[in-house]
Amino acid sequence: MSVKRKLQLECVGCQTTYETPQLHCNLCAGLLRSRYALTDFQPTDRTNLFAFQDWLPPIGSSDLPIGTRIIRSDRFARELGLRNLSIAFSGYAPEIGAGNPTGSFKDFEATPTVLYYREHKIESLVLASAGNTARAFAYASVQNEFPVIIVIPEGAVERLWIPCKPTDAVRLVVLEDCDDYATAIQIAGLIGHVVGVANEGGARNVARRDGMSTAMLEYAKQVRELPAHYFQAIGSGTGAIATWEASERLLVAGIGTRLPQLHLSQNAPFTPVHNAWTFDQSIEPDMGVARQLQQIGQIDALVLANRTPPYAIPGGVHDALAATAGSTYAVTNGEARAAAAMFTKAENLSIGPAAAVATASLIQAAAGGRVGVDDPILLHITGNNDLLLKRDFPLHKIPPVWHVRPEDVTEASIRDNCGRLVDSR
Ligand SMILES: *Cc1c(COP(=O)(O)O)cnc(C)c1O
């Protein structure tokens with residue numbers, strides 16, 4: 001089947017349809033959503049996320065061990081007084097069959113994205129990242145020999161490594177004296193524009209969202225049902241939107257009878273989505289930047305530090321919360337650390353700071369009666385810490401091709417550095 005036959009894109013705001021790989025609606029701000037020709041849920045017996053190939057944009061696939069493991073929780077559930085808790089584990093823990101090469105569910109986005117764009121003859125991409133996205137795309141770029149320019153704030157360099165030797169397919173731009181992901185997004189846009197490389201698209205890229213949606217599809221494959229509640233820590237909320245979209249597809253396919261409620265958590269004091277939802281406000285990205293950056297400086301889960309989430313647009317996080325009767329949570333560092341310790345002790349699995357925030361939100365919900373004791377609940381452990389990856393692989397840092405202060409990035413300076421940013425062959 002050709003990619004054109006496999007799916008079309010439809011704007012959630014105005015229902016205009018487009019051919020892949022369109023990123024924006026020409027008429028409104030709505031997200032474009034995949035409409036797959038095949039609407040039955042027929043996962044194959046592949047063990048990675050390509051078991052759900054019918055509902056992933058690329059025609060091609062990969063055998064990399066990328067995907068979610070669903071585990072039924074005993075001890076942790078009992079400690080919370082819950083009787084039907086499942087864990088979606090999307091990190092790296094070969095002991096339970098989880099092989100995600102960079103240790104988070106960002107691996108679900110990167111490989112489908114690279115395959116999807118390549119099938120549309122787009123042979124390189126530019127993107128911004130504050131952390132795990134850069135790792136996942138750097139790895140997918142090397143594995144697929146697909147050139148990617150990655151722009152990251154200096155603060156994220158420390159954690160940017162991959163479990164294989166980097167090649168010059170990855171062109172890393174480091175923003176000196178910059179801790180702001182929103183600045184990295186702007187600069188990535190400018191670089192792509194000047195050197196003529198396509199923007200990856202972030203939350204607007206359906207390969208990214210549909211890749212993330214496979215955590216819920218894996219649950220449906222195992223349980224043949226939808227959970228009543230889904231818990232995840234969010235920065236952009238892309239994973240939450242994707243989970244809502246997967247749930248809609250599953251309902252159409254006859255799996256489940258109602259949408260899972262989304263329980264979305266952020267790391268206090270930086271909780272823009274929680275504040276917007278709780279106080280019914282919009283997120284004004286340019287209001288109080290200094291205050292937001294100061295809050296970001298205080299949180300453990302830096303992968304959640306997104307100042308410009310796709311919140312109010314049609315099909316965005318607000319709509320996902322409204323459609324699913326969802327809730328949001330603010331979790332302090334102390335609550336998250338305590339939750340991580342409790343979880344690791346009970347389940348014998350390490351979790352990362354973002355997953356700890358989600359875990360703490362489940363503890364809040366159970367204590368506050370926001371979930372029923374017998375409700376089927378899915379807790380998404382979106383990533384774990386790096387200890388097991390370090391045990392099993394030599395981890396390689398990626399040498400930057402350009403170190404630059406944000407204010408020094410201009411059209412002229414980008415042109416001067418063009419040879420370092422794109423392949424001169
Ligand atoms: C990116 C990330 C998140 C947040 O995901 P979004 O749904 O895009 O907001 C949560 N956990 C981990 C480990 C991440 O890397």
Side-chain angles (χ1 to χ4, degrees), residues 31 66 68 87-93 98 100-110 113 127-139 152 156 159-160 181 184-185 200-216 230-246 262-267 270-274 276-277 283 296 299-311 316-318 320-321 326 328-329 331 336 339-340 343 349-361 379-386 389:
L31 282 186
I66 298 167
T68 295
I87 294 159
F89 187 87
S90 301
Y92 177 84
N100 292 292
T102 67
S104 86
F105 75 158
K106 298 299 195 300
D107 284 319
F108 306 1
E109 305 181 313
T113 293
L127 61 108
S129 166
N132 287 344
T133 301
R135 274 156 59 150
F137 274 85
Y139 183 80
I152 61 168
R159 291 170 299 130
L160 183 49
Y181 173 53
I185 294 174
E200 172 273 327
R204 292 190 174 274
N205 167 7
V206 291
R208 197 159 164 166
R209 300 212 305 283
D210 295 354
M212 286 189 141
S213 81
T214 58
M216 185 57 85
Y230 171 82
F231 285 80
Q232 194 206 300
I234 62 159
S236 70
T238 309
I241 298 167
T243 298
W244 169 41
E245 293 173 336
L262 298 181
H263 297 261
L264 309 181
S265 45
Q266 298 199 290
N267 195 175
F270 182 67
T271 58
V273 170
H274 172 68
W277 179 248
I283 294 180
I296 287 171
I299 63 175
D300 280 351
L302 276 176
V303 295
L304 305 180
N306 188 319
R307 294 199 297 110
T308 54
Y311 181 73
V317 180
H318 176 276
L321 282 163
T328 60
Y329 299 77
V331 169
F343 182 91
L349 281 170
S350 82
I351 64 178
V357 167
T359 304
S361 74
L379 168 63
H380 199 165
I381 301 300
T382 44
N384 57 334
N385 67 29
D386 300 339
L389 275 167

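Note that this is a predicted model, so its numbers are computed, not measured. Whatever order the structure lists them in is the order used to number ligands and atoms, beginning at 1. Residues: numbered from 1 along the sequence shown.
A donor-acceptor contact closer than 3.5 angstrom links the side chains of Ser90 and Thr68. If you check the side chains of Ser236 and Asn306, you find no donor sitting under 3.5 Å from an acceptor.
The protein heavy-atom contact nearest to atom 11 (N) of ligand 1 is Thr382 OG1, 2.6 Å. Protein heavy atom nearest atom 8 (O) of ligand 1, with residue, atom name and distance: Ser236 OG, 2.8 Å. When only non-hydrogen protein atoms are considered, atom 1 (C) of ligand 1 lies nearest to Lys106 NZ, 1.3 Å.
For Ala233, every heavy-atom contact with ligand 1 shorter than 4.0 Å involves the backbone, none the side chain.
The shortest N/O to N/O separation between Phe105 and ligand 1 does not fall below 3.5 Å. Residue-to-ligand polar distances place Gly235 within reach of ligand 1: an N/O pair is separated by less than 3.5 Å. On a distance-only criterion, Gly237 and ligand 1 share at least one N/O pair closer than 3.5 Å.
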Inset, instruction - List the steps, then state whether side-chain contact (heavy atoms from CB on, under 4.5 Å) holds for Phe137 with Lys106. - result: CA-CA 8 Å; Phe137 274 85; Lys106 298 299 195 300; over 6 Å; no
Inset, instruction - Apply side-chain contact (heavy atoms from CB on, under 4.5 Å) to the pair Val273 and Leu264, showing each step before the final yes or no. - result: CA-CA 9 Å; Val273 170; Leu264 309 181; 5.5 Å; no
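The two atoms that bring Gln232 and Ala240 nearest to each other are OE1-N, 3.7 Å, heavy atoms only.
In this structure, the salt bridge (charged side-chain N to carboxylate O under 4.0 Å, His left out) partners of Arg208, at least two apart in sequence or on a different chain, are Glu109, Glu200.
For ligand 1, the atoms closer than 4.0 angstrom to any heavy atom of Gly239 are 6 (P), 7 (O), 8 (O). Heavy-atom proximity to Thr238, at under 4.0 Å, picks out these atoms of ligand 1: 6 (P), 7 (O), 8 (O), 9 (O). Within the listing of ligand 1, atoms 3 (C), 4 (C), 10 (C) sit less than 4.0 angstrom from a heavy atom of Leu304. Within ligand 1, the atoms closer than 4.0 Å to a non-hydrogen atom of Asn132 are 13 (C), 14 (C), 15 (O), numbered from 1 in the order shown.
Judged purely by atom type and a 3.5 angstrom limit, Asn267 uses its side chain to pair as donor or acceptor with the backbone of Asp300. Within the 3.5 Å criterion, the main-chain N or O of Ala246 finds no donor-acceptor partner in the side chain of Ser213.
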